[in-house]
Peer 1: 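My questions all concern the structure below.
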Amino acid sequence: MSIYYNKGKQRETKMFGLTDRLSIRHVPFRNGYTASVAKYSAGDYEIAVLFNGKICCDTPVTNDVVRCGTIQEVTKVLIEVSALPKREG
């Protein structure tokens with residue numbers, strides 16, 4: 001994973017295709033989960049873990065949604081979601 005600054009000072013996480021200009025993005029993972037990342041105008045992020053298109057409230061990552069203040073915190077949560085055991089159904 002790499003986070004870098006380009007000439008416009010826009011941070012980007014290459015691994016997940018996220019940028020500071022994000023409003024809503026779904027990030028699917030091979031383990032069957034999807035992370036829904038929303039960025040609010042105040043610069044805060046909110047992440048929901050989805051399975052089959054519905055919020056999944058029974059993961060070790062969260063039982064609701066995760067609020068983050070930086071793209072680095074978002075990246076950490078996405079890595080946790082990607083590391084969850086495979087889920088089928």
Side-chain angles (χ1 to χ4, degrees):
M1 169 187 49
S2 60
I3 297 174
Y4 67 94
Y5 293 87
N6 65 18
K7 290 183 180 180
K9 301 295 183 192
Q10 178 182 348
R11 288 173 281 175
E12 183 174 359
T13 304
K14 286 182 176 181
M15 180 183 284
F16 301 109
L18 299 174
T19 69
D20 276 347
R21 296 182 182 174
L22 171 73
S23 54
I24 294 180
R25 170 86 181 215
H26 287 136
V27 182
F29 296 100
R30 291 183 181 162
N31 58 8
Y33 292 97
T34 298
S36 175
V37 183
K39 180 181 179 192
Y40 296 95
S41 59
D44 296 338
Y45 298 86
E46 188 173 86
I47 303 170
V49 179
L50 308 176
F51 185 73
N52 286 335
K54 296 181 182 178
I55 292 180
C56 187
C57 298
D58 62 351
T59 71
V61 175
T62 183
N63 60 357
D64 189 19
V65 296
V66 178
R67 293 186 185 232
C68 301
T70 67
I71 196 78
Q72 290 84 359
E73 292 172 354
V74 171
T75 301
K76 181 180 174 191
V77 173
L78 293 178
I79 291 169
E80 290 176 23
V81 175
S82 72
L84 289 171
K86 187 171 183 171
R87 184 167 183 161
E88 303 201 20

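Note that the coordinates shown come from a computational prediction; the quantities given were computed from them, not determined experimentally.
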Peer 1: Can you list the residues that meet the salt bridge (charged side-chain N to carboxylate O under 4.0 Å, His left out) rule with Glu73, with sequence neighbours excluded?
Peer 2: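 Checked Glu73 against salt bridge (charged side-chain N to carboxylate O under 4.0 Å, His left out); zero matches.
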Peer 1: Could you walk me through whether Leu78 and Val37 satisfy the side-chain contact (heavy atoms from CB on, under 4.5 Å) test, starting with their C-alpha distance in whole Å, then the side-chain angles of each, then the deciding distance to 0.1 Å, before giving a yes or no?
Peer 2: CA-CA 9 Å; Leu78 293 178; Val37 183; 4.0 Å; yes
Peer 1: Measure the CD1-CG distance between Ile79 and Leu84 for me, rounded to the nearest 0.5 Å.
Peer 2: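 The CG atom of Leu84 is 12.5 Å from CD1 of Ile79, to the nearest 0.5 Å.
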Peer 1: With sequence neighbours left out, which residue pairs that include part of residues 67-88 fulfil the ring-ring contact (aromatic ring centres under 6.0 Å, His included) condition?
Peer 2: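 Every candidate ring-ring contact (aromatic ring centres under 6.0 Å, His included) pair involving residues 67-88 fails, so no pair, neighbours aside, qualifies.
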Peer 1: Quick test of your reading: applying ring-ring contact (aromatic ring centres under 6.0 Å, His included), list the pairs with at least one residue in residues 68-89, sequence neighbours left out, ordered by first then second residue.
Peer 2: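 Matches after skipping sequence neighbours: none remain.
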Peer 1: What is the distance from atom CZ of Arg67 to atom OH of Tyr40, rounded to the nearest 0.5 Å?
Peer 2: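 So the CZ of Arg67 and the OH of Tyr40 are separated by 6.0 Å.
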Peer 1: So, using salt bridge (charged side-chain N to carboxylate O under 4.0 Å, His left out) as the criterion, who are the partners of Asp58 when residues are at least two apart?
Peer 2: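 With sequence neighbours excluded, Asp58 shows a salt bridge (charged side-chain N to carboxylate O under 4.0 Å, His left out) to Arg87, given in chain and number order.
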Peer 1: My understanding is that only residues two or more places apart in sequence, or in another chain, count here; which of them pass side chain to side chain donor-acceptor pair (under 3.5 Å) with Ser36?
Peer 2: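 Checked Ser36 against side chain to side chain donor-acceptor pair (under 3.5 Å); matches are His26.
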Peer 1: Who else is in Leu50's hydrophobic cluster (ILVMFWY, side-chain heavy atoms under 4.5 Å, direct or via others)?
Peer 2: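 Under the 4.5 Å side-chain rule, Leu50 groups with Ile55.
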Peer 1: Taking the side chain as everything from C-beta on, heavy atoms only, tell me whether Thr59 gets closer than 4.5 Å to Tyr33.
Peer 2: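 They are in contact (side-chain heavy atoms under 4.5 Å apart), so the answer is yes.
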Peer 1: To the nearest 0.5 Å, tell me how far Phe51 CZ sits from Glu88 CD.
Peer 2: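 One finds 7.5 Å between CZ of Phe51 and CD of Glu88.
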Peer 1: Looking only at heavy atoms, which two atoms of Val77 and Cys68 are closest? And how far apart?
Peer 2: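 Shortest heavy-atom separation between Val77 and Cys68 comes out as CG2-SG, 4.0 Å.
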Peer 1: Look up atom CG in Asp64 and atom CD1 in Ile47, then write down how far apart they are to the nearest 0.5 Å.
Peer 2: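 With rounding to 0.5 Å, CG (Asp64) is 12.5 Å from CD1 (Ile47).
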Peer 1: List the atom of Val65, the atom of Ala48, and the distance in Å for their closest heavy-atom pair.
Peer 2: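 Smallest heavy-atom distance, with atoms named: CG1-CB, 3.9 Å.
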